[in-house]
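As a basis for the values below, the full set of heavy atoms in this structure was taken, side chains included, without hydrogen atoms, waters or symmetry mates.
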Protein chains: 2
Amino acid sequence: MSLALDPAAQDLLFREARTANTFTDEPVTEEQVQAIYDLVKYGPTAFNQSPLRVTLVRSPEARERLVAHMAEGNRPKTASAPLVAILSADNEFHEELPALFPHFPQAKDVFFAERPAREQAALVNATLQAGYFIVGVRAAGLAAGPMTGFDPAGVQKEFLDDDHTPLMVVNIGKPGEDAWFPRSPRLAYDDVVTTV
Amino acid sequence: MSLALDPAAQDLLFREARTANTFTDEPVTEEQVQAIYDLVKYGPTAFNQSPLRVTLVRSPEARERLVAHMAEGNRPKTASAPLVAILSADNEFHEELPALFPHFPQAKDVFFAERPAREQAALVNATLQAGYFIVGVRAAGLAAGPMTGFDPAGVQKEFLDDDHTPLMVVNIGKPGEDAWFPRSPRLAYDDVVTTV
């Protein structure tokens, strides 16, 4: 085993971590979400653009509005998870770039003056950050249930604005009874990695 | 601190890990890349579609071809990193779905019969896996230098095919002298997370 990360951490983040479909009632606190963010904010993005935004759906009324936009198979778990987060990409992230990338403050105008270029960069970099966020939820000892099965236009209209594109909805909490199917197979190394 | 992950692992993966711009000569072995893949392959994707593909650029001749397609500012580090990997999305991932998602083998035809839907899903899910991959490189005690500054059409034509979309190029190795700038600031929690 050639990894520097200790085996307990490997298990916590990847080997034993699973996408949960049921949860206990134990709440997910504001402090836990802050600790997750304070860890994963350091994950790299292009020009440190950090376009990921997170909407925590905490009120029962907001939860109900969100569930209505989920694909039918995702509704029960979205309704019952202790916390649900909408992850989105901020297409106007360039406004923060002079502060976030002080080595090259011109990046805002040189690379991101046009909205289509910003949308593309925001999609890729916020999705990369979504990967870090899922790892961070697991680092907090919680299960994450990321879902792309929802009506994006409906979620955007209901919770976001024209400058924010929804990426995924993540159920967060301690896994409950029968929280998952048996682990599905993964692709073999040689099916994924080639060398030139 | 509300995290279950021990502080040394937090440092290794996020707090002290940095995007390296210079590297030592120490090679990155096949065993290390296998160990990284065998960890991060467990990261979740929609329907377990696992569309990330990795091309390791090992031969000097291939390295030269890749450097030619990099943005000028990325050429010296791409030329000197011990290992360079091209991460891409497999737009024909659905062929593997009946094996990868045996709970619902019909997903291949129900959701992914059309190429545009596959391309969108492959982009999002392979980018999510790119986030796991970067964390995995760090878990191996190595620095990752992800870059999107390259000519995607050129890289695709030179190294991939019409079914594989390049996402990013990642330099991998032990950090060398003056490997990084001072850490750039991150957004405050309240600028990123809102509650409804």
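- Annotation: maximal heavy-atom pairing with chain B below 4.5 Å, among A:Gln34, A:Glu31, A:Gln32, occurs at A:Gln34.
- Within residues 185-192 of chain B, the residues having any heavy atom closer than 4.5 Å to a heavy atom of chain A are B:Pro185, B:Arg186, B:Leu187, B:Ala188, B:Tyr189, B:Asp191, B:Val192, listed by residue number.
- Contacts between residues 61-97 of chain A and chain B, defined by a heavy-atom separation under 4.5 Å, are made by A:Ala62, A:Glu96.
- When each of B:Val57, B:Asn125, B:Leu12, B:Leu100 is scored by its heavy-atom pairs under 4.5 Å with chain A, the top score falls to B:Leu100.
- If you tally non-hydrogen atom pairs under 4.5 Å between each of B:Ala139, B:Ala8, B:Gly141, B:Pro102 and chain A, the highest count goes to B:Ala139.
- Ranked by heavy-atom pairs under 4.5 Å with chain A, the list B:Thr127, B:Leu5, B:Val196 is led by B:Val196.
- Neither the backbone nor the side chain of A:Ala121 comes within contact range of chain B, judged by heavy atoms closer than 4.5 Å.
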Without placing hydrogens or testing angles, list every side-chain donor-acceptor pair under 3.5 Å for residues 128-137 of chain B, not counting sequence neighbours.
{"unit_1": "B:Gln129", "atom_1": "OE1", "unit_2": "B:Leu52", "atom_2": "N", "d": "2.8"}
{"unit_1": "B:Tyr132", "atom_1": "OH", "unit_2": "B:Pro44", "atom_2": "O", "d": "2.8"}

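- For the set A:Lys41, A:Arg138, A:Arg58, the count of heavy-atom pairs under 4.5 angstrom toward chain B peaks at A:Lys41.
- When all heavy atoms of A:Leu123 and B:Val124 are compared, the closest pair comes out as CD1-CG2, 4.4 Å.
- With a 4.5 angstrom heavy-atom cutoff, B:Thr19 touches chain A only via side-chain atoms.
- Counting heavy atoms of neighbouring residues, nucleotides and ligands inside a 6.0 Å radius, atom CD of B:Glu114 does not exceed 12 of them.
- Proximity to chain A (any heavy atom under 4.5 Å) is shown, for B:Leu39, by both the backbone and the side chain.
- Taking OH of B:Tyr42 as the start and CZ of A:Arg18 as the end, the distance is 10.5 Å to the nearest 0.5 Å.
- For the set A:Pro51, A:Ala46, A:Ser59, the entry with the most heavy-atom pairs within less than 4.5 Å of chain B is A:Ser59.
- Connection of B:Phe104 to B:Phe112 is established within a shared hydrophobic cluster, with ILVMFWY side chains joined at heavy-atom distances below 4.5 Å, either directly or through further cluster members.
- By the criterion of side-chain heavy atoms lying less than 4.5 angstrom apart, applied directly or through intervening Ile, Leu, Val, Met, Phe, Trp or Tyr residues, A:Ile36 is grouped together with A:Val28 in one hydrophobic cluster.
- When the heavy atoms of residues 145-175 of chain B are compared with those of chain A, the residues falling under 4.5 Å are B:Pro146, B:Thr148, B:Phe159, B:Met168, listed by number.
- Contact detail for B:Ser184 and A:His103: the closest heavy-atom pair is OG-NE2, 3.4 Å.
- Note: A:Asn48 leads A:Thr55, A:Val193, A:Asn48 in heavy-atom pairs under 4.5 Å with chain B.
- Under the 4.5 Å side-chain heavy-atom criterion for Ile, Leu, Val, Met, Phe, Trp and Tyr, B:Phe14 and A:Val33 are members of the same hydrophobic cluster.
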